Every structure is written in C-alpha cells, then in structure tokens.
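All remarks here apply to the structure that follows.
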Amino acid sequence: MPITILQVDDVSVDFSGFKALDKVNFYMDTGELRFLIGPNGAGKTTLLDVICGKVRPTEGQVLFGDGIDIGRMSDYHIARCGVSRKFQTPSVFENLTVFENMELSVKGGRGLLFSCFRRRDSRELDRIHAVLGKVDLEEKAGGKAGYLSHGEKQWLEIAMTIMQDPKLLLVDEPVAGMTGRERSRTGEILLETAKDRSVLVVEHDMNFVKRFAKKVTVLHEGRLLCEGTFEEVGNDPTVIDVYLGRGGEAQENGLH
Ligand SMILES: Nc1ncnc2c1ncn2[C@@H]1O[C@H](COP(=O)(O)OP(=O)(O)OP(=O)(O)O)[C@@H](O)[C@H]1O
Ligand SMILES: [Mg+2]
C-alpha cells in the first residue's frame, strides 16, 4: 500500500487579491516521481514555494510525513523535516571545486566557515563521491564548479540536495537550457533519485515529461485541472482546451 508523504488540502495563495492558487488538493506517495505541468502562470512554482515554506498558504493545510503540519513552519524547519528545493537557476559556488560545493551541502553542515574547517570522516567522503558518481561528476570533483556546463551545474545542485537526504525533493524546470543528451541524462538521474525518496518536478518540456513521467498533475490558473498518465492528461479535453487556447502550446510543447 502506498504511503502518503505529502498532503496539500484546499490550499489557496492570495497575492493582494490575486489567487495564484485556488483551493488546490494535491497528494504524493513515498517513492513517487511526479511531474507538475501547466501553462505559464498556472501556479506551479507557487505550489513548490508553499511546500518548501517560501510562501505561506492563505488558507488550507499542508501535511508532510506522519502528518506534520508544515503549512505554518519556516522554510528552515521544513527543510529539517526532509523537504529540499532545487531552484530554477543553478546557485553553486563557482570558485569552489565541485567537491567543496558538496561538502557545504552535507546534512548538519553549519555554514561556510564551519564546513571549511571541519574534518570530514571517511564515511562522509565516500558518500560525497558516491553521490557525485550518480550524476556523472566524480571525475570533475577536483575542478572548479565554474567550469561545469550549465547541465552539469544543475546536476551538481541535484547532488547537493541529495546530500541533505531529503524525503521529498522539489525541482523546478530542471532541463531548461540543457542539450538533448543532458536532458536524457537528467531524466535518468531523477528516476534514480526517486528510487529512495519522492521527487516533484515542474517542467514545460513535454517530450521530457512524456518520456519520464508515470503520473502527471496539471495546474491551470491556480486550480488543479486533472491528474493521470501523460496519455490520460494529454487526451483530457480540458487540458487540450487550456493548451490550445494559448496559441497552440499543446502542439508546440509536444502534448500531441
Ligand atoms: N510574489 C508574487 N506577487 C504577486 N503575484 C505573484 C507572485 N508570485 C507569483 N505571482 C503570480 O502568480 C501566478 C502564478 O505564478 P507561478 O510563478 O506560480 O506560475 P508558474 O506556473 O510557475 O508559471 P511559469 O510556468 O511561467 O513558471 C502568476 O500570475 C504570477 O504572476
Ligand atoms: Mg514557474
């Protein structure tokens, strides 16, 4: 029986009278890789912001794990409960090596200075190498992060979030700006990552979603429109309307 890890109940977010989210009900199971799609301004990023504590819901509740109410917690405390967010633009330290960036992200790290002076035990070092191996960056561990390609920086950030050992990882538009090969590899990395944690991915690239998604949730104008396999949501008349109503985005985005 699947176990629910995230329960978003009737959540609304009101930005000075504008409803970015309107009574959204959204659930995820442990070990699930879920894709969240929808036209620009649908509320996808806002939903991630609510789950990680960057934005407070105006109404509704957000329960995580064993029913912990994270809807009113600070982002810091939510992260400690096991929710990690990888933001859209890479924010690695370019002048540090790939390995040093990873050291900074080790769970329990207490900031830059602490991380620089602390001696790592061999288990921690092994783990850093193992996680870098998962994103094909082990050979670049000693090189400056600034020399990585855009795609590799995104993978380094995913690796850094994995180091925090989150139960739920939130990823916003991971393949934007990536080459075709990097996109494929990113999909495999996300599938692999979701083997021992839940991963929620916002993505516009429908070819990518089609290839890697089992279950897709569609948001539109702050409301949850439908959920299902890529084929199911792609054949849903309301989804087709929403995408076609916006200048044929469905075809443009590969929904059909
Ligand atoms: N801080 C804010 N203040 C006011 N309005 C906001 C704020 N943040 C987001 N919005 C609005 O809320 C709506 C939803 O925004 P959101 O960024 O969640 O959409 P999205 O689905 O992520 O879109 P995109 O695909 O373009 O990234 C948009 O109309 C946006 O302009
Ligand atoms: Mg967004």
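Whatever order the structure lists ligands and atoms in, that order sets their numbers, starting from 1. Just the heavy atoms: all of them, side chains too, but no hydrogens, waters or symmetry mates, feed the values below. As the structure is a prediction and not an experimental result, all values here were calculated from the model.
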Determine the interplanar angle of the His129 and Phe99 rings, folded into 0 to 90°, and report it as parallel if under 30°, tilted if 30 to 60°, perpendicular if over 60°.
tilted
So that I can tick it off, tell me whether Lys86 and Asp172 are bridged by a salt bridge, with the cut-off set at under 4.0 angstrom between side-chain N and carboxylate O.
no
Using a strict 4.0 Å threshold on nitrogen-to-oxygen distance, state whether Lys153 and Glu94 make a salt bridge.
yes
Heteroatom test (N, O or S) for Thr45 near the Mg ion (ligand 2), limit 2.8 Å:
yes
Flag if over 12 foreign heavy atoms under 6.0 Å of CZ, Arg185
yes
Looking at ligand 1, does any of its N/O atoms fall within less than 3.5 Å of an N/O of Ala42?
yes
May I ask you to list the atoms of ligand 1 that are less than 4.0 angstrom from any heavy atom of Ala20?
12 (O)
Considering the heavy atoms of Glu173, write down every atom of ligand 1 situated less than 4.0 Å from one of them.
27 (O)
Would one find an N or O of Phe18, backbone or side chain, under 3.5 Å from an N or O of ligand 1?
no
Whether Asp22 and Arg223 form a salt bridge (side-chain N of Lys/Arg under 4.0 Å from carboxylate O of Asp/Glu) is what I want to check.
yes
With heavy-atom distances below 4.0 Å as the criterion, list the atoms of ligand 1 near His204.
24 (P), 25 (O)
Looking only at distance, does Gly43 have an N or O less than 3.5 Å from an N or O of ligand 1?
yes
